[in-house]
Number of protein chains: 2
Amino acid sequence: MDFKALEQKYKSELFDRVLPFWLDKSQDKEFGGYFTCLDREGNVFDTDKFIWLQAREVWLFSMLYNKVEKNPEWLRCAVQGGEFLKKFGHDGNHNWFFSLTREGNPLVQPYNIFSYTFAAMAFAQLGLATGNSEYRDIARKTFDRIVERQDNPKGKYNKAFPGTRNLKNFALPMIMCNLALEMEHILGEEEVKKTARSVMNEVLNVFYRPELGLVVENVNTDNSFSDTFDGRLLNPGHAIEAMWFIMDLGVRFNNNEVVEKAEKIMHQTLEHGWDKKYGGIFYFMDAGGHPTQQLEWDQKLWWVHIETLISLLKSYHLTGSSKSLEWFEKVHDYTWSHFADEQYPEWFGYLDRQGKVLLNLKGGKWKGCFHVPRGLYQCWQTLGRLAEK
Amino acid sequence: MDFKALEQKYKSELFDRVLPFWLDKSQDKEFGGYFTCLDREGNVFDTDKFIWLQAREVWLFSMLYNKVEKNPEWLRCAVQGGEFLKKFGHDGNHNWFFSLTREGNPLVQPYNIFSYTFAAMAFAQLGLATGNSEYRDIARKTFDRIVERQDNPKGKYNKAFPGTRNLKNFALPMIMCNLALEMEHILGEEEVKKTARSVMNEVLNVFYRPELGLVVENVNTDNSFSDTFDGRLLNPGHAIEAMWFIMDLGVRFNNNEVVEKAEKIMHQTLEHGWDKKYGGIFYFMDAGGHPTQQLEWDQKLWWVHIETLISLLKSYHLTGSSKSLEWFEKVHDYTWSHFADEQYPEWFGYLDRQGKVLLNLKGGKWKGCFHVPRGLYQCWQTLGRLAEK
């Protein structure tokens with residue numbers, strides 16, 4: 001495999017097509033923050049501002065500024081989004097709303113813990129980029145809110161009747177695996193170690209079910225399997241994405257065992273989640289092979305495939321697994337031939353099972369300036385290391 | 001068109017295939033109530049009990065007992081479900097949970113107003129079938145709860161930040177159009193008239209937007225159009241189903257104007273919602289032609305098509321519209337060739353855009369013993385009247 005050529009491919013897609021798209025099309029010059037509902041060409045079709053995506057764009061441009069190049073345009077873009085978020089994104093006590101109007105008025109209450117995690121991630125990187133301790137404080141305080149809420153993330157909006165079926169969800173420990181490392185400069189090594197130990201254990205020993213060889217989205221709070229719709233739910237993209245977070249933690253703490261376990265789980269998930277008929281990775285599945293409640297179960301989503309490419313390259317780089325390399329080739333081909341758009345920059349997000357474009361957009365309520373550029377960045381970096389070998 | 005042969009087709013599908021399926025496969029002989037998560041052959045794949053579907057099955061068998069034949073098997077089936085609901089379905093104060101475990105323990109809190117509307121409908125018919133005033137009282141008290149909650153149906157689970165964008169939703173007035181007539185023997189003529197006047201006005205003059213020629217799912221509380229994701233959302237099946245509720249109200253109150261307006265809206269919705277490429281009616285659309293937030297937007301759902309058949313036949317019967325007859329032929333052909341299952345009884349619920357089965361089930365969280373048998377009953381009845389002409 002020509003790693004040099006691939007490195008160049010991922011790099012040029014990132015810098016020549018994807019970043020200019022977001023810099024040019026997403027910034028709201030009037031009210032601050034970002035538009036994310038952008039059609040195929042980048043025209044704004046809705047102006048609501050979703051905190052997940054506002055925060056993720058702040059993070060992305062700050063991260064690139066910190067890791068790639070001190071580009072003032074990137075910093076300006078990150079800072080204006082950060083200021084918008086600081087002013088309008090939370091209730092004054094670092095409880096982050098889910099969405100705002102274009103002008104910054106709150107639309108949806110702070111019910112979603114991931115608005116908090118992405119805000120923490122954003123302000124941690126923005127603090128690093130600017131040296132501004134106010135941003136750093138926002139990240140720290142938001143992290144504290146997350147820790148306070150982690151046992152009942154939905155708070156008063158939780159509709160589960162207490163006591164009947166107490167489930168916990170995979171997404172929070174999964175995201176914490178990533179957030180811990182993202183915030184090490186704020187949390188310090190000890191707190192990161194402590195957090196990482198706990199969330200890695202949840203991911204690898206609780207949500208990963210050896211009897212299935214798969215990660216489930218929900219388990220009982222006593223860590224047992226729940227043979228219910230929620231308990232049987234699989235989200236292969238989620239599980240595979242988590243595995244590169246775990247690999248990063250394995251590298252950080254020199255833990256090869258963890259890297260190898262993550263690689264094994266990733267391979268098993270990919271084999272199970274791959275659509276043998278049409279290619280691509282399913283969005284949702286039921287561990288018992290039953291119909292899912294999710295009507296979108298067979299769709300092919302951009303982030304699932306991009307996160308898989310990151311995981312596969314990291315795994316190949318760390319262990320030399322030929323299985324990872326073979327899968328990378330296959331997923332790379334599917335991803336570039338289905339999600340990339342030759343005519344206009346940025347990628348499509350949503351395909352039907354057959355691989356045809358389902359929503360003619362480049363951004364929306366859930367797709368912003370995040371998975372595509374982060375994935376291109378991550379793959380570019382790992383391919384660069386492989387090319388040097 | 002051979003209405004006599006069609007009448008027989010709908011009737012025999014109902015009595016020879018669909019009703020036996022539910023009587024045989026759905027009743028939980030151990031704990032009472034009904035299983036609704038049934039695979040293609042009718043095997044139970046999940047045992048959770050969803051109040052919408054529990055109540056709708058009680059309603060269906062009670063209604064048939066009241067309107068078709070005093071069949072004791074139907075009554076037994078309705079009563080055992082009613083008893084289960086009475087005991088486990090609400091919090092003691094006629095606040096209806098959303099779902100229960102098989103044994104009847106509450107799983108999801110009473111956040112969903114439609115658990116209430118279907119419970120009211122169920123106990124109203126069951127009261128009529130049994131003459132039991134306890135059932136009648138449950139229906140009446142539940143109706144009062146609905147009226148109390150109608151301005152903020154989600155109560156404390158409402159995540160909208162108050163004051164920023166106050167929307168109201170189409171579904172409740174729509175369902176009230178049907179519920180009012182269902183409960184006339186309990187509410188009395190005056191209350192039904194009052195309720196009907198108000199909800200018909202909402203449907204025909206508020207949610208129907210003349211500038212679009214379509215019914216939207218949400219409007220601002222000041223009755224203006226909201227140019228947002230929620231405000232632009234169309235659900236053609238919803239709008240078309242509401243039109244037969246309106247036609248029934250028009251007939252009940254001798255109001256031809258209302259019948260004609262409903263017919264016009266139905267035609268416009270059907271023309272707009274029909275998939276010109278693959279046939280069938282889309283699930284969701286955006287009034288501005290933008291991408292929807294709903295990933296399942298292009299899927300073809302059983303209830304959408306069955307409700308459309310009801311509306312088309314009622315309209316043809318009431319006005320003789322040739323457009324309705326032509327559309328009936330087209331939708332009838334699509335429905336029977338795509339949703340009906342020659343091999344096993346009951347119909348598929350979820351198809352992809354191309355019309356292929358997406359979920360291999362006959363019942364689930366949202367599909368129970370309701371739209372198929374109610375639709376077959378309604379079409380059979382109207383076809384019978386047409387055959388007599």
Which atom of B:Leu107 lies closest to which atom of A:Thr164, heavy atoms considered:
CD2-CG2, 3.8 Å
Specify which of B:Leu100, B:Val108, B:Asp286, B:Asp298 makes the most heavy-atom pairs with chain A at under 4.5 Å.
B:Val108
Considering only NZ, NE, NH1 and NH2 on the basic side and carboxylate oxygens on the acidic side, decide whether A:Arg165 and B:Asp48 come within less than 4.0 Å.
yes
Does any backbone or side-chain atom of B:Lys156 lie under 4.5 Å from a heavy atom of chain A? Answer side chain, backbone, both or neither.
backbone
Between B:Leu295 and A:Leu359, does a side-chain contact (heavy atoms from CB on, under 4.5 Å) hold up when you go through it step by step?
CA-CA 8 Å; B:Leu295 299 186; A:Leu359 293 176; 3.6 Å; yes
So with a 6.0 Å cut-off around NZ of A:Lys365, is the heavy-atom count from everything else above 12?
yes
Heavy-atom neighbours of A:Lys86 NZ exceed 12 at 6.0 Å:
yes
Between A:Gln299, A:Gln354, A:Arg353, which residue shows the highest count of heavy-atom pairs closer than 4.5 Å to chain B?
A:Gln299
Which bit of A:Phe98 is near chain B, if near means a heavy-atom gap under 4.5 Å: side chain, backbone, both or neither?
neither
Can the positive tip of A:Lys159 be found less than 6.0 Å from the middle of the six-membered ring of B:Tyr111, inside 45° of the ring normal?
yes
Relative to chain A, which segment of B:Lys356 carries a heavy atom at a distance below 4.5 Å: side chain, backbone, both, or neither?
side chain
Going by the angle between their ring planes, with limits at 30° and 60°, are B:Phe161 and A:Phe97 parallel, tilted or perpendicular?
perpendicular
Which bit of B:Asp352 comes within less than 4.5 Å of chain A, counting heavy atoms only: side chain, backbone, both or neither?
side chain
Heavy-atom distances under 4.5 Å only: say whether B:Thr292 touches chain A with side chain, backbone, both or neither.
both
Side chain, backbone, both or neither: which part of A:Tyr350 has a non-hydrogen atom closer than 4.5 Å to chain B?
side chain
Contact winner vs chain A - B:Leu358, B:Asn105, B:Leu361, heavy-atom pairs under 4.5 Å:
B:Leu358
What's the shortest heavy-atom distance between A:Pro162 and B:Gln109, and which atoms?
CD-NE2, 3.5 Å
Tell me, for B:Phe229 versus chain A, whether the close heavy atoms (under 4.5 Å) come from the side chain, the backbone, both or neither.
both
Measure B:Trp297 against the heavy atoms of chain A and call it side chain, backbone, both or neither at under 4.5 Å.
side chain
